[in-house]
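Inspection log for the structure reproduced underneath, given as structure tokens.
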Amino acid sequence: MLTINFIRENREEAIERLKIKNFNAGKIIDKVLEVDQHRRNTQKTQDSRQAELNSLSKEIGILLKNKDEKQAQTIREKTVRLKEEIKELNIKSSQIQAELNELLVQIPNIPHKTVPPGIGAESNQLIRSGGNIPEFEHKALPHWDLAKKYNIIDFELGNKITGAGFPVFKGKGARLQRALINFFLDENEKAGYIEYLPPLMVNEESAHGTGQLPDKEGLMYTVPSDNFYLIPTAEVPVTNIYRDVILNSNDLPVRNTSYTPCFRREAGSYGKDVRGLNRVHQFDKVEIVQIQHPEKSYETLEEMVSHVENLVNMLGLPYRIVRLCGGDMGFTSALTYDFEVFAAAQEKWLEVSSVSNFESYQANRMKLRVREQDTKKIIPAHTLNGSALALPRIVAALLENNQSEKGIKIPDILIKYAGFDCIS
RNA sequence: GGAGAGAUGGCCGAGUGGUCUAAGGCGCACGCCUGGAGAGCGUGUUACCGCCAAAAGCGGUACGCGGGUUCGAAUCCCGCUCUCUCCGCCA
């Protein structure tokens, strides 16, 4: 979240820049400042009363040591009213603090200066593209038909076992998933990322830490009996490793990678683009997470983008990279690049990765900080993450783009992982 | 699931009602010593909030978490979480 100090000192700038995200912040920010003023006034009174009581207590201690029972009793009587007052002030100040926090978490992150304005995907900015879009002599089949033809993904079976959006992979289909996961993890490790295999359920605090709560309550599946959430992305557990941690600046950047299944309710997104693997409730993804010094986080973002680009290139998929406009960006992000690959039968660009710099927004929420080696100062860290990569749409594009009468050609780089070069 | 023990700073560990942010040790930083290093000696070593233009300074908070008793709680009481040991169950 944005800190109260930042808002206090940058009211105008915050309001102005949040407009890029189509967020009208004026009202809430003024409310925040008002509550903050109230909070500080209350604390001032509270602190001085508490100091009074503390010194009286010390006095009593000394008097009793000197066996002056009578004088001690006199002072004791003086504390009665003071105690009541302090109790009331305590209640009041925790109410105010709660009110302030509730307001602060409702304010989204401030977009980076390069974020273009706009409402939706049509305003996103094309950064670059690569790869070749294949051409077919005959009509190409969409991946859901290919999946059936080669018997590698069974969507109906998923309906039976769980419900819509839970595909079942089998045979070479399952094996291809495993190949992609291993390929991505290996490449990430080569690039210096440490592999983690985290819990797939997280508690409420973790969900707050990375900002899924309270903003995206409907996004996650819940486990009410134990108050857990199924992770919508490995970002949640892997970033929360560092909740309440002060890292030494020498230890930066932290680079982690993690394969996990991801669970998303996708409430409200029924209808369009949900066929086949385009949008599912459970999918596999390999994530990269970095924690970096604030001065270097944008270099790191570019580096992560190149890394992901390299992966897409190795798979031989036609892709484009876009910089998201304010309206298309996430609540917690300061700058996001999306990767889209072209699925040649659907003739659609499918999002396969989203690489973001959250600056200190998540770090503030989860109290993730850095102790600077030279100045010894403690400052909030910057967090970044991205998919490297999300599997379903990669698979959709691979199937559609690599199809021929002979079957589906597996990209060379994947053959040693898959153990076959063709699905036929 | 049943029974018991425990949770203190970066780490180990003392502290069962009073100036305790908390002994001692380890670690770390700086200084002295040394040709250099080590040993030794000395000094220092939590974070957050408020007041102040700022620094200094002052005040407040924090001993797993949340309540309570008390003028005063690391210490006493209640609830919760987690860890360990034993028993049961189990991949």
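Residue numbers begin at 1 in each chain, while the letters A, B, ... track the order of the sequences. All of these numbers come straight from a predicted model, not from anything done at the bench.
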Next on the checklist: By nearest heavy atom, map Glu52(A) and Asp36(A) onto RNA chain B; which one lands nearer the 5' end?
Outcome noted: Asp36(A)
Item to check | Closest-nucleotide 5' rank along RNA chain B - winner of Ile378(A) and Gly61(A) | outcome: Gly61(A)
Checklist outcome for this item: From the candidates A47(B), C71(B), G59(B), the one with an atom nearest any side-chain atom of Arg371(A) is A47(B)
Whether [X] contacts [N] is assessed here as follows: a side-chain N or O lying under 4.0 Å from the phosphate OP1 or OP2. Is that the case?
X	N	value
Lys44(A)	G60(B)	no
Gln50(A)	U61(B)	yes
Arg8(A)	G50(B)	yes
Asn54(A)	U61(B)	yes

Checklist entry - Would you call Arg49(A)-Glu85(A) a salt bridge at under 4.0 Å N-O? => result yes
Item to check | Asp154(A) and Lys148(A) ion-paired at < 4.0 Å | outcome: no
Item to check | Partner nucleotide of G57(B) by Watson-Crick or wobble geometry (both distances under 3.5 Å) | outcome: C51(B)
Checklist outcome for this item: If pairing means Watson-Crick or G-U wobble with both distances under 3.5 Å, then the partner of U34(B) is none
Touch check for [X], heavy atoms < 4.0 angstrom, all strands: base, sugar-phosphate only, or nothing?
X	answer
Leu53(A)	sugar-phosphate
Arg40(A)	sugar-phosphate
Ser57(A)	base
Ile60(A)	base
Arg369(A)	sugar-phosphate

Next on the checklist: Can you classify the ring geometry of Phe263(A) versus Tyr221(A) as parallel (below 30°), tilted (30 to 60°) or perpendicular (above 60°)?
Outcome noted: perpendicular
Next on the checklist: For His112(A) and Tyr298(A), I'd like to know if the aromatic rings sit close, meaning centre-to-centre distance below 6.0 Å.
Outcome noted: yes
Checklist entry - Atom CD1 of Ile62(A) to atom C1' of U19(B): distance rounded to whole Å? => result 7 Å
Next on the checklist: We want to know whether Gln362(A) and Thr383(A) form a side-chain donor-acceptor pair, criterion being a heavy-atom distance below 3.5 angstrom.
Outcome noted: yes
